[in-house]
Enquirer: 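The structure that follows is given in the form of structure tokens.
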Amino acid sequence: MAHVNENFTKLKKNYLFIDIAKRIAAYKEKNPDKEIIRMGIGDVTLPLPPAVVEYMKRGADEMGVKETFRGYEDTGRGYDFLKQAISDYYGKRGVKIPLDDIFVNDGAKSDTGNITDIFSEDSVVLVSDPVYPVYVDSNIMGSKQIIYADATAETGFKAMPNPSVNCDLIYLCSPNNPTGAVYTKEELKAWVDYANTKKAVIVFDAAYEAYVGNINLPRSIFEIPGAKTCAIEMCSLSKTAGFTGLRCGYTIIPEELKAYTSDGGKVSLRDTWTRRQGSKFNGVSYPVQCAAAGVFSPEGQVQVQANIDYYMENAKLILSTLKSLKIPCTGGENSPYIWFKTPAKMTGWDFFDYLLDNIQVVGTPGEGFGQNGAGWFRVTSFNTHELTAEAMNRLKHLLN
Ligand code: PLP
């Protein structure tokens with residue numbers, strides 16, 4: 001008889017975006033002629049930059065020619081041409097990343113979800129509340145114990161380490177999804193020192209690093225001294241370069257990073273992850289890796305920045321609208337997410353329905369990200385200028 005992995009029965013029944021989709025579908029059925037503006041979903045709207053398409057086409061053409069055709073990639077960890085481009089990208093900020101520390105993947109979600117495989121089942125995992133739900137779900141599936149660190153308005157929605165709390169694995173996301181909060185170098189240094197003291201490992205999700213415009217804010221945890229002995233970094237080209245439908249990202253596991261066996265022996269996490277990937281992952285397709293190399297090309301970098309600037313214009317407008325309405329809000333400055341307090345003490349879900357019913361604008365209730373999200377709401381800057389402006393006009397009229 002097959003027994004189900006009962007960890008799956010411990011997951012919350014409905015995933016946030018399924019709930020949202022159901023409410024939108026029900027509204028649309030009753031109001032088929034109303035135009036809904038989606039400010040909730042975290043998907044990009046601009047097409048791929050031309051350099052990315054160009055590089056991908058070149059890769060696809062090579063696959064159709066005997067001399068340049070490629071089958072399985074030897075290691076499944078990414079071609080050197082892409083790893084070199086990634087390493088150079090970090091090098092520009094003074095961060096040295098050897099090619100052997102880089103693992104190319106099909107987007108950050110896979111590795112943020114799978115990394116828990118290489119940690120002991122009795123690990124205590126610390127996540128912030130509110131939290132990107134993947135960290136919680138994947139660790140429930142992996143039988144881990146989860147503890148929460150508060151990220152509230154009082155701390156600028158940034159969880160900070162508490163020396164009296166012990167944990168083995170820590171998930172940090174900066175710029176943060178959902179709150180848009182960004183850690184300073186000093187704040188990240190506090191986490192790095194805490195993790196090194198506790199011999200814990202930080203999983204640093206840098207999926208939105210490209211949105212950090214302020215040069216004084218860190219885009220990588222490896223900008224922080226001491227991080228290589230305590231951190232793994234995960235990055236994605238999804239929001240950086242419109243890869244949500246193309247799928248490519250990368251994980252960095254420094255050679256210096258170790259975890260411990262029950263008898264105190266030290267084990268390389270880079271080698272352990274290599275072993276895990278060797279059994280369960282056969283790499284990213286060649287044309288997609290070429291497309292990813294296009295992101296890091298000189299022309300690609302200019303085009304990618306133009307797209308990010310486009311979204312950040314939207315963020316600016318959203319932020320100024322909320323401020324003019326005197327609504328407490330955060331994010332939107334070095335992040336595509338804006339997080340704000342619901343008016344009149346509404347719950348996030350009540351406010352969701354209120355916006356949908358009255359102005360047909362869709363956002364994401366903070367409750368979907370944890371207890372501390374209650375009464376807060378997330379909107380994103382990924383829509384067009386026109387629709388963002390229209391949504392903000394509607395919001396102004398409604399709340400004025
Ligand atoms: N990490 C965070 C914080 C995200 O918000 C997302 C996507 O929304 C991901 C990871 C996953 O990105 P990808 O599309 O690369 O799987």
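What you are looking at is a predicted structure, and each value in this text was computed from that prediction instead of being measured. Residue indices begin at 1 and follow the sequence shown. Both counts, for ligands and for their atoms, begin at 1 and track the order of listing.
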Enquirer: Would you call the rings of His385 and Tyr310 parallel, tilted or perpendicular, where under 30° means parallel and over 60° means perpendicular?
Expert: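 Parallel.
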
Enquirer: Tell me whether Asp205 has any N or O atom under 3.5 angstrom from an N or O of ligand 1.
Expert: yes

Enquirer: Does some non-hydrogen atom of Phe243 fall short of 4.0 Å from ligand 1?
Expert: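 Flag not set, Phe243 not near ligand 1.
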
Enquirer: Just so I know, are the side chains of Tyr250 and Leu82 near enough to count as touching, which here means a heavy-atom distance under 4.5 Å?
Expert: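 The answer is no; the side chains never approach within 4.5 Å.
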
Enquirer: Is there a polar contact, in the sense of an N or O pair closer than 3.5 Å, between Ala207 and ligand 1?
Expert: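 No, Ala207 has no N/O under 3.5 Å of an N/O on ligand 1.
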
Enquirer: Which of the numbered atoms in ligand 1 are under 4.0 angstrom from any heavy atom belonging to Asn177?
Expert: 3 (C), 4 (C), 5 (O)

Enquirer: Taking the ring centre of each residue, are Tyr208 and Tyr337 less than 6.0 Å apart?
Expert: yes

Enquirer: Parallel, tilted or perpendicular, judged at 30° and 60°: which one describes the rings of Tyr132 and Tyr135?
Expert: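 Taking Tyr135 first and then Tyr132, their aromatic rings stand perpendicular (interplane angle over 60°).
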
Enquirer: Would you mind running through ligand 1 and noting each atom that sits below 4.0 Å from a heavy atom of Gly107?
Expert: 15 (O), 16 (O)

Enquirer: Under 3.5 Å, N or O to N or O, is Lys109 touching ligand 1 that way?
Expert: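 Yes, Lys109 has an N/O under 3.5 Å of an N/O on ligand 1.
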
Enquirer: Do Asn7 and Lys10 get their side chains close enough for a donor-acceptor pair, meaning under 3.5 Å?
Expert: yes

Enquirer: Under 3.5 Å, is there a donor on one side chain and an acceptor on the other for Thr244 and Asp43?
Expert: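 Yes.
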
Enquirer: For Cys173, state whether at least one heavy atom is located under 4.0 Å from any atom of ligand 1.
Expert: yes

Enquirer: Mark up the atoms of ligand 1 that fall under 4.0 Å of a heavy atom belonging to Lys239, in ascending order.
Expert: 7 (C), 8 (O)

Enquirer: Which bit of Ser238 gets closer than 4.0 Å to ligand 1, counting heavy atoms only: side chain, backbone, both or neither?
Expert: side chain

Enquirer: Given Trp376, which partner from the list Phe340, Phe157, Phe351 fulfils the ring pair (Phe, Tyr, Trp, His ring centres under 6.0 Å) test?
Expert: Phe157

Enquirer: Does Thr112, backbone or side chain, put an N or O under 3.5 Å from an N or O of ligand 1?
Expert: no

Enquirer: Does Lys199 make a cation-pi contact with Tyr260, if we ask for NZ or CZ under 6.0 Å from the ring centre and within 45° of the axis?
Expert: yes

Enquirer: Considering only protein heavy atoms, which is closest to atom 6 (C) of ligand 1, and at what distance to one decimal place?
Expert: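 I find the closest protein heavy atom is Tyr132 OH, 3.2 Å.
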
Enquirer: Measuring from the heavy atoms of Arg247, does anything fall under 4.0 Å of ligand 1?
Expert: yes

Enquirer: Tell me the nearest of Pro336, Pro178, Ser236 to atom 15 (O) of ligand 1, using heavy-atom distances.
Expert: Ser236

Enquirer: Measure the distance from atom 5 (O) of ligand 1 to every protein heavy atom, then report the residue, atom name and distance (to 0.1 Å) of the closest one.
Expert: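 Here the closest protein heavy atom is Tyr208 OH, 2.5 Å.
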
Enquirer: Assess the side chains of Asp205 and Thr112: does a donor N or O sit below 3.5 Å from an acceptor N or O?
Expert: no

